[in-house]
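Reminder, nothing fancy here: chain letters follow the sequence lines and each chain counts from 1.
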There are 2 protein chains.
Amino acid sequence: MATATSRTPARRAKGELARERLKNAAIAVLDRVGYHQLRIKDVTAEAGVAAGLFHHYYSDLRSLIEEILDEHIANAEATEVIERDVSKGDWFNRLRSHYRFAVRNHADHPGIMRCIHQFCADDPVFRERWKASYYKRLQLLVDVFPFVFPDSELSPHEVRLVVYGLSGIGQDLLREYFIERDPTLLALQLSEDELAEWLAVLQYRGLFACNPPEEQLHYAARILTIKRHASPPEHND
Amino acid sequence: MATATSRTPARRAKGELARERLKNAAIAVLDRVGYHQLRIKDVTAEAGVAAGLFHHYYSDLRSLIEEILDEHIANAEATEVIERDVSKGDWFNRLRSHYRFAVRNHADHPGIMRCIHQFCADDPVFRERWKASYYKRLQLLVDVFPFVFPDSELSPHEVRLVVYGLSGIGQDLLREYFIERDPTLLALQLSEDELAEWLAVLQYRGLFACNPPEEQLHYAARILTIKRHASPPEHND
DNA sequence: ATTGATCTTGAATCCAAATTCAATAATAAT
DNA sequence: ATTATTATTGAATTTGGATTCAAGATCAAT
């Protein structure tokens, strides 16, 4: 934002509007076809302007997309109130808040999330930027780990391994759900909060090797019934 | 394989060799630059043949890559002995075997795994093929779920949610480790077996909400020390 | 109203890479 | 040895799309 208005002092309101229109058009097309299918002509057509106008505002597609993603990331970080209303020791709610955030992000901006994923896969520079943002949240967990688990004998590297490993819970699933819209998953008819809670429970179990306090579960209480028999029955397929 | 030798009866041994050389060249380049940077010229140069030869054997890049990936998938499925030496109720070893397989795959074929990931992201047809292969293993888990957890009140859809969610454990991590070669992860200096075991432990905890039997842990026993205090200490960051 | 700036257009140009193809070499069959 | 088939080359062409640019439209300031 700051860059956009300050870079060229001569930039006018109308120009800013056109940039906005191009960005919104790009986001719309991203939703439909994804980053690798995206063409400048698609964007200008969607925005209802001439093809040449694009280069008046952006040097190439990459820079437009970068601007969109940077804005999204900044925006997301700003609105991430997550930690605020969660009391210090309340880990389940903390994890659930993180998932609520991730779920909402996917639900509201599937095109952008897909684009981030695609962009990361072949642009090392952007991937670092994304990781920096994404792992910042994880880092919080890494940092407090020694306090939460004072008896843990894990080295800092091992802590990172555990946290990064567990952070994978639901990543693919959210993409399948909100971006590919996999029918077998959509069939679940879950609200955003429900989905977030399910994923949080799984992560909680992975982290603490036990269930979260039952009274905190609003939707996923049934998961407590996943309890293994003392002597698991032999079974033939 | 069967297709390759039978499609054109007139195809000669030398031709088969050239196809092999192209495929191997492509795999080598995939390792270096990934799918989206890959150019036909790169492949022919790497193979040491003229650019035009490519089209004698393949109609386009996509079809070459598809052949490579299909072969890889078929091959992987064939060598996946996994379930064989694991006794029926021995879930921890079963999960660990799956992870050993995934880890080995990434370690041995980083270029191909990266390509699969990129390909999936923008080719819905291929994604279905990959999911079919990948989820086949998960489906096993989904199928036996009611027998392992007879008291579970989860609907089949919910079972799928849980299994898919947990299957995300380590996905990104394996990519970061073997494809991007993230230094903070490589610093762990883990053997393939160690990595597989860590991931399996995390998944086991997520699935069973408890630790795997201690005597089965060869490397990751320290994870048992992640035990939460009865009354977690308040902590200020 | 005139001026100087920015905005917008779309046809013309450029470019990287895919694709074709005529010519030549290698190989197998007889 | 001759012939037919397949393999290989690399220069020429085509393609899809990005990029440029001259010309006209719009706008703000005075």
Q) For the rings on B:His106 and B:His117, is their centre-to-centre separation under 6.0 Å? A)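 Centroid distance B:His106-B:His117: not below 6.0 Å, so no.
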Side chain of B:Asp60 only, please: which of D:dT8, C:dT19, C:dT8 is the nearest?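 Selected nucleotide (nearest to the side chain): C:dT19.
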Which part of the nucleic acid, if any, lies within reach of B:Ser59 when heavy atoms closer than 4.0 Å are counted: base, sugar-phosphate only, or nothing?
->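 The residue B:Ser59 makes sugar-phosphate contact but no base contact.
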* To do: Kindly state which residues belonging to residues 29-41 of chain B come within less than 4.0 angstrom of DNA chain C, counting heavy atoms of the residue only, listed by number.
  =>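 Of all residues in residues 29-41 of chain B, the ones placing a heavy atom under 4.0 Å from DNA chain C are B:Arg39, B:Ile40.
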Report task. Report yes if at least one side-chain N or O of A:Arg21 is closer than 4.0 Å to OP1 or OP2 of C:dT8; otherwise report no. Result ->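 For C:dT8, OP1/OP2 do have a side-chain N/O of A:Arg21 under 4.0 Å.
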| side chain to side chain donor-acceptor pair (under 3.5 Å) with B:Asp108: which residues, sequence neighbours excluded? |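 Applying side chain to side chain donor-acceptor pair (under 3.5 Å) to B:Asp108 gives none.
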task = Report the residues that fulfil side chain to side chain donor-acceptor pair (under 3.5 Å) with A:Glu46, sequence neighbours left out, ordered by chain and then residue number.
result =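 With neighbours one apart ignored, the set is A:Arg32.
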[X]: which residues meet the ring-ring contact (aromatic ring centres under 6.0 Å, His included) condition with it, sequence neighbours left out?
{"X": "A:Tyr204", "answer": "A:Phe92, A:Phe208"}
{"X": "B:His72", "answer": "B:His109"}
{"X": "B:Tyr219", "answer": "none"}
{"X": "B:His36", "answer": "A:His36"}

Please report, to 0.1 Å, the donor-acceptor pairs under 3.5 Å made by any side chain of residues 163-170 of chain B, with sequence neighbours excluded.
unit_1: B:Tyr164; atom_1: OH; unit_2: B:Arg160; atom_2: NH1; d: 3.4
unit_1: B:Ser167; atom_1: OG; unit_2: B:Tyr164; atom_2: O; d: 2.7

Item to complete: For DNA chain D, find the residues of residues 48-56 of chain B with a heavy-atom distance under 4.0 Å and give them by number; none if there aren't any.
Response: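 Output list: B:Val49, B:Ala50, B:Gly52, B:Leu53, B:His56.
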**Item:** Distance, rounded to the nearest Å, where B:Tyr58 contributes OH and D:dA7 contributes P
**Value:**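 Taking OH of B:Tyr58 and P of D:dA7, I get 13 Å after rounding.
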Review point. B:Arg62 CZ to C:dA17 P: how many Å, rounded?
Key: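 Roughly 18 Å, once rounded to whole Å.
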